[in-house]
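In what follows, a single structure is set out as structure tokens and then discussed.
Positions are given from 1 along the sequence. Since we're looking at a predicted model, the values are computed, not measured.
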Amino acid sequence: MRSVLIFLMFCIATSTFAQSDTTITLQAITGLQYDLARFAVKPSQKVTIVFKNVDDMAHNLVFTQPGKRLSVVETVIKMGDKAQATNYVPASTEVLAASKILIPNSTETFSFVAPPQEGVYPYVCTYPGHGYVMYGAMYVTTKALPPLSKDANIPPTRQIDAPVEIVSPHPFPLEYPLIYRTFMPDCGPAAIAVAINPNHSYCFDAGKCYLRYAWTGGFVDNTAHWKGNGNALAAIKGMIYFKDKVTYPLRIGKADKLPEVHFKGYSLQKRLPVFSYTIDGVAVKETLKSLTDDSGLSRTFSFGKPTQQTLYFVTQTDDGIVYKSSTGKWTNGVLMIPKGTTQLTLTMKRQTATHSVHHH
């Protein structure tokens, strides 16, 4: 009798739970969008997400706690290269549920139980550069949703009945410095494009750990990439005034010996990236800032320990740059940095007609 009662209770419980289940099919589509700008579920309802990536670039799907979309996006940016190993999903209580990074034409199904508290739970793609525009809203509610045209929880471009193509190269408020992980011209696949301010930008090659080039006039236009061409190069909106052609400038022990380099990621200080890497085992942190009037760059190198060997910074004497350094001695375009150095500040100023000396 007792076993029959338990069986009946089990049937009632599973039947009730099954009736409350819901399955949502959600797609990542061209134009940094999800096909659904929003959907609704009931409190404590079991939700199964069938996430399909039908775009030409990689995406994920991350559900966050109310009001935490931008916080999660910023946390991923601060993780630097470490984020890739976690599918760009931070270990945070702000994350409710998440998919893996999906390559084009792939699908993942995952389930979670909707929170018991009613509210608006954002979902977002946290792949670098996507999270400011590619998001939507999961409503946990038993009530009617607000009119689509007045729903501030979805992208402004989606406050209409159908998905639209994004035409602006920057469809979100710009706060400088800006960082994009994207494909850049004349750089390896691990490019990091940084806009220090609206007029001054540079490209850092994380794969080879050095400044590739710098330009003034504007930042980059990613429209081709955002419209679905996953391999499209960003278009530089300005004029390049410096391009490194010495293969790798910072060297240890000998000026003519290229070092072995390893990128260790980057952190943010007042939104400005601090790049960490090693050259022949020596830990280096590098910060790049703009000079007054955007006339060039200031590069600060900090070394993990006082250097045991002489360091060298090698330049190309006809690169159009006037160099100055806080320490060391210049000879024929090569800066000799003495042993025991813990920090070096190097300025790179665009050469003008009044500058006839390359190094100081």
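Donor-acceptor pairing under 3.5 Å is recorded for the side chains of N197 and D294. A donor and an acceptor atom, one from each side chain of H200 and Y241, are located under 3.5 Å apart.
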Run Y176 and R271 through side-chain contact (heavy atoms from CB on, under 4.5 Å) and show every step you take.
CA-CA 7 Å; Y176 293 90; R271 295 183 62 89; over 6 Å; no

Run T315 and F313 through side-chain contact (heavy atoms from CB on, under 4.5 Å) and show every step you take.
CA-CA 7 Å; T315 71; F313 190 89; 3.6 Å; yes

Might you work through the side-chain contact (heavy atoms from CB on, under 4.5 Å) test for M138 and L96, ending with a clear yes or no?
CA-CA 11 Å; M138 178 180 74; L96 179 64; 4.0 Å; yes

For Q159 and K150: C-alpha separation, side-chain torsions, deciding distance, then whether side-chain contact (heavy atoms from CB on, under 4.5 Å) applies.
CA-CA 7 Å; Q159 292 173 2; K150 297 181 180 180; over 6 Å; no

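The salt bridge (Lys or Arg N to Asp or Glu O under 4.0 Å) pairs that include a residue from residues 128-140 number zero, where partners must be two or more places apart or lie in different chains. Screening residues 301-312 for side-chain hydrogen bond (donor to acceptor under 3.5 Å, both in side chains), with sequence neighbours left out, gives S302-Q343. A ring pair (Phe, Tyr, Trp, His ring centres under 6.0 Å) check over residues 52-85, counting only residues at least two apart or in different chains, returns the pairs H59-H130, F63-F112, F63-Y123. Applying the side-chain hydrogen bond (donor to acceptor under 3.5 Å, both in side chains) rule to pairs touching residues 60-74 yields N60-T126, S71-E94, E74-Y132, sequence neighbours excluded.
Looking at heavy atoms from C-beta onward, K237 lies out of side-chain contact with V220 at the 4.5 angstrom threshold. For the pair D55/I29, no side-chain contact is recorded, criterion being any heavy-atom separation below 4.5 Å from C-beta on. With contacts defined as side-chain heavy-atom distances shorter than 4.5 Å, the pair V50/T107 qualifies. Counting heavy atoms from C-beta outward, Y34 and C125 have side chains that approach closer than 4.5 Å. Using a 4.5 Å cut-off on side-chain heavy atoms (C-beta onward), Y210 and D244 make contact. Looking only at side-chain heavy atoms (C-beta outward), P273 and L268 come within less than 4.5 Å of each other. Using a 4.5 Å heavy-atom cutoff, the side chains of T278 and V261 are not in contact. Side-chain contact check for K46 versus S111: some heavy-atom pair is nearer than 4.5 Å.
D205 pairs by the salt bridge (charged side-chain N to carboxylate O under 4.0 Å, His left out) definition with R212, not counting sequence neighbours. Considering only residues two or more places apart in sequence or on other chains, Y213 meets the ring-ring contact (aromatic ring centres under 6.0 Å, His included) condition with W215. Annotation: side chain to side chain contact (heavy atoms under 4.5 Å, CB included) contacts of T327 (sequence neighbours excluded): I337, P338, T341, L344. For D151, the salt bridge (charged side-chain N to carboxylate O under 4.0 Å, His left out) partners are R38, not counting sequence neighbours. K143 pairs by the salt bridge (charged side-chain N to carboxylate O under 4.0 Å, His left out) definition with E118, not counting sequence neighbours. Under the side chain to side chain contact (heavy atoms under 4.5 Å, CB included) criterion, P66 pairs with Y121, not counting sequence neighbours.
Aromatic ring centres of F219 and Y180 lie closer together than 6.0 Å.
Connection of M134 to F39 is established within a shared hydrophobic cluster, with ILVMFWY side chains joined at heavy-atom distances below 4.5 Å, either directly or through further cluster members. The hydrophobic cluster containing L70 also contains V124, counting ILVMFWY residues as joined when their side-chain heavy atoms lie under 4.5 angstrom apart, directly or transitively.
Atoms CG and NZ, on L211 and K243 in that order, are 11.5 Å from each other to the nearest 0.5 Å. For the atom pair I24 CD1 and L36 CG, the distance stands at 7.0 Å (nearest 0.5 Å). In this structure, OH on Y88 lies 12.0 Å from CD1 on I77, to the nearest 0.5 angstrom. In this structure, CD1 on I192 lies 7.5 Å from CD1 on I179, to the nearest 0.5 angstrom. To the nearest 0.5 Å, atom CD1 of residue I240 and atom OG of residue S201 are 10.5 Å apart. In this structure, OG in S298 is found 8.0 Å from CG in L346, a value given to the nearest 0.5 Å.
Proximity of a side-chain donor or acceptor of D293 to a complementary backbone N or O of S295 within less than 3.5 Å is not detected. N199 contributes no side-chain N or O that, together with a main-chain N or O of T216, makes up a donor-acceptor pair within less than 3.5 Å. Counting only distance, with no hydrogens or angles, the side chain of E108 and the backbone of K100 share a donor-acceptor pair below 3.5 Å. Not one N or O on the side chain of R350 forms a donor-acceptor pair closer than 3.5 Å with the backbone of V322. Of the possible polar contacts, one joining the D319 side chain to the I321 backbone as a donor-acceptor pair under 3.5 Å is found. Side-chain atoms of R251 come within 3.5 Å of backbone N or O of Y248 as a donor-acceptor pair. Counting only distance, with no hydrogens or angles, the side chain of T48 and the backbone of T23 share no donor-acceptor pair below 3.5 Å.
Minimum interatomic distance between G328 and L335 (heavy atoms only, all atoms of both residues): C-CD1, 3.6 Å. Of all heavy-atom pairs between T347 and L291, the closest is CG2-CD2, 4.1 Å. Contact record, M79 with T86: CE-OG1, 3.5 Å, taken as the closest heavy-atom pair. In terms of heavy-atom proximity, P306 sits nearest to G340 at CB-O, 3.8 Å. Contact record, V140 with A114: CG2-CB, 4.3 Å, taken as the closest heavy-atom pair. I196 and S290 make their closest contact through CD1-N, 3.9 Å (heavy atoms, listed as atom of the first residue, atom of the second, distance).
With a 4.5 Å cut-off between side-chain heavy atoms of Ile, Leu, Val, Met, Phe, Trp and Tyr, the cluster of V120 takes in Y139, L145.
The aromatic rings of F275 and F263 sit tilted relative to each other, their planes meeting at an angle between 30° and 60°.
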Distance-only criterion, 3.5 Å: show the donor-acceptor pairs between side-chain atoms of residues 279-289 and protein atoms not counting sequence neighbours.
residue	atom	partner	partner atom	Å
D280	OD1	E260	N	2.8
D280	OD2	K257	NZ	3.1
K285	NZ	S276	OG	2.9
E286	OE1	Y277	OH	2.7
E286	OE2	R299	NE	2.8
E286	OE2	R299	NH2	2.9

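For L258, the CG atom counts as densely surrounded, since its 6.0 Å shell holds more than 12 non-hydrogen atoms of other residues, nucleotides or ligands.
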